[in-house]
Amino acid sequence: MGSPLTVGIIGVGNISQQYFAQFPALPNLKLVAVADVDQARAAAVAKEQGVEALSVDDLLTDPRIDAVLNLTIPAAHVEIAQRALDAGKHVYGEKPLALATADAAPMLEQAAAAGLRVGSAPDTVLGTGIQTARAVLDSGRIGEPIGATVQWTAPGHERWHPAPAFYYQPGGGPLLDMGPYYLSSLVTFFGPVVRVSGAATRSSRERTIATGPNAGTPIPVDVDTHVTAILQHANGVISTVTVSFEVWATRVPLFEVYGTEGTIAVSDPNHFSGAVQVATKDDRETWQDVDVQAGYADAGRGYGLADMARAIETDRPHRASGDLAFHVLEIMESILRAAHENVVIELSSTVERPDPVALGSRPESW
Ligand SMILES: NC(=O)c1ccc[n+]([C@@H]2O[C@H](COP(=O)([O-])OP(=O)(O)OC[C@H]3O[C@@H](n4cnc5c(N)ncnc54)[C@H](O)[C@@H]3O)[C@@H](O)[C@H]2O)c1
């Protein structure tokens, strides 16, 4: 391993704590500084983490920093990423990649022209859960894949997040917020999507912040809160996807893959690890636990950036890539357009399945 990739984080809110928890386990990343529009928050977090607090402008131009980890809200993702690229830095950001593909495309072009990397969450799909499900699928144990179904539902993130307004603005909603976990998994399993249709709605339910200093504050809802879609993959597999902030209770399974010989019950792709089970035509009543067979073990948020750092060092493609996130964004954007215009949409982007992650491998030595 060469010298670590030096990292500055912009946006140190709720999710940043999960990244901070992983830095000690990732020797090819070195955290140098943090910044936030809320400078008092940046200062407090910097003190906790034993790093410097800088202004956003200073962090973006700091010559000690190779890569910006962009943990701002979705509406700021492209602006911060583009400024990082302007300053000659790689960038890895939280999902979604952007509010719209029209914003994301120039950013990816700029990065490619400059020889810089763009990476994007979710990196949960590099953990043992989704990678084990992929290994089972690729082994042929359920035969040829035919379809998959996703049903992610919840009452709404305002019940737990202290600053949930962004979840109800463009870039949020159940699709742009939770879709990336499931759609990145589906592309990991089956490859690119070529065609989508969809339907979307929202209830008149009033949303208010439930926790933290602003509890009781109403939240304007500017997104669809119940979305369903049919995706056709280039390999012929059909995925059906429902995501919702409208559901109080359900018994529908979260995520399943159907093949000619059996079914995989897939783990929650919002987590790095989780149980994967298989039932086959020979014993349809018995769900067999699958031993962990692939993926970064004991992983957490930040492994995708470490994987990108290793890919930079070894001049290989990184797995949690901007290209994958762009394809996922185009799927989501197209689902909403298909829903609003009552049409079927052919996608214009495509992407390769990312390389599988071997069990026992580490992002810094991949
Ligand atoms: N909270 C979670 O559980 C969770 C989980 C996975 C992914 N994410 C993703 O992480 C991102 C951040 O979510 P969060 O929950 O941490 O939000 P948050 O609101 O708690 O934190 C975002 C931080 O970014 C700062 N910020 C906003 N705009 C900025 C700008 N232009 N320049 C500098 N700083 C800016 C805010 O001041 C805040 O401190 C989102 O894209 C979200 O989808 C969140």
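Position 1 is the first residue of the sequence; numbering continues from there. All ligand and atom numbering here is 1-based and tracks the order in the structure.
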For ligand 1, which atoms have a heavy atom of [X] less than 4.0 angstrom away?
{"X": "H77", "value": "41 (O)"}
{"X": "H161", "value": "1 (N), 14 (P), 15 (O), 17 (O), 20 (O)"}
{"X": "P74", "value": "40 (C), 41 (O)"}
{"X": "D177", "value": "43 (O)"}
{"X": "I10", "value": "33 (C)"}
{"X": "N14", "value": "1 (N), 2 (C), 3 (O), 14 (P), 15 (O), 16 (O), 18 (P), 20 (O), 21 (O)"}

In terms of side-chain heavy atoms, does [X] have a donor or acceptor partner in [Y] at a distance below 3.5 Å?
{"X": "H318", "Y": "R117", "answer": "yes"}
{"X": "E256", "Y": "Y258", "answer": "yes"}
{"X": "R319", "Y": "Y303", "answer": "no"}
{"X": "T260", "Y": "E144", "answer": "no"}

Task: Centroid-centroid distance, F166 to H161, less than 6.0 Å - done: yes

Open item on the list: Ring centres under 6.0 Å, that's the criterion: do F272 and Y296 meet it?
Closed with: no

Would you say [X] has any N or O atom under 3.5 Å from an N or O of ligand 1, going by distance alone?
{"X": "D36", "value": "yes"}
{"X": "K95", "value": "yes"}
{"X": "R41", "value": "yes"}

Considering heavy atoms of the protein only, find what lies nearest to [atom] and give residue, atom and distance to 0.1 Å.
{"atom": "atom 19 (O) of ligand 1", "value": "I73 CG2, 3.8 Å"}
{"atom": "atom 3 (O) of ligand 1", "value": "W160 CH2, 3.3 Å"}
{"atom": "atom 32 (N) of ligand 1", "value": "V37 CG1, 3.6 Å"}
{"atom": "atom 31 (N) of ligand 1", "value": "A76 CB, 3.6 Å"}
{"atom": "atom 17 (O) of ligand 1", "value": "F166 CE2, 3.6 Å"}
{"atom": "atom 6 (C) of ligand 1", "value": "Y181 OH, 3.1 Å"}
{"atom": "atom 44 (C) of ligand 1", "value": "I15 CB, 3.7 Å"}
{"atom": "atom 7 (C) of ligand 1", "value": "E94 OE1, 3.2 Å"}

TODO: Check R301 against ligand 1 and report side chain, backbone, both or neither, counting heavy atoms closer than 4.0 Å.
DONE: side chain

Open item on the list: Below 4.0 Å, non-hydrogen atoms only: which portion of Q18 touches ligand 1? Side chain, backbone, both or neither.
Closed with: neither

TODO: Could you please spell out the steps behind the salt bridge (Lys or Arg N to Asp or Glu O under 4.0 Å) verdict for R83 and D57?
DONE: CA-CA 9 Å; R83 290 177 65 196; D57 288 350; 2.4 Å; yes

Open item on the list: I'd like to check H226 versus T242 (side-chain heavy atoms, cut-off strictly below 4.5 Å). Are they in contact?
Closed with: yes

Task: Test item: L347 and S334 side chains (from C-beta on) under 4.5 Å apart, heavy atoms - done: yes

Open item on the list: Taking salt bridge (Lys or Arg N to Asp or Glu O under 4.0 Å) as the definition, give me every residue that meets it alongside D123, ordered by chain and number, with sequence neighbours left out.
Closed with: none

Anything under 3.5 Å between a donor and an acceptor, one on a side chain of residues 21-31, the other on a protein residue two or more places apart or in another chain? List them.
from : atom 1 : to   : atom 2 : distance (Å)
N28  : ND2    : A306 : O      : 3.0

- [ ] Go through the steps to decide whether V257 and V266 satisfy the test side-chain contact (heavy atoms from CB on, under 4.5 Å), and finish with yes or no.
- [x] CA-CA 7 Å; V257 171; V266 182; 3.8 Å; yes

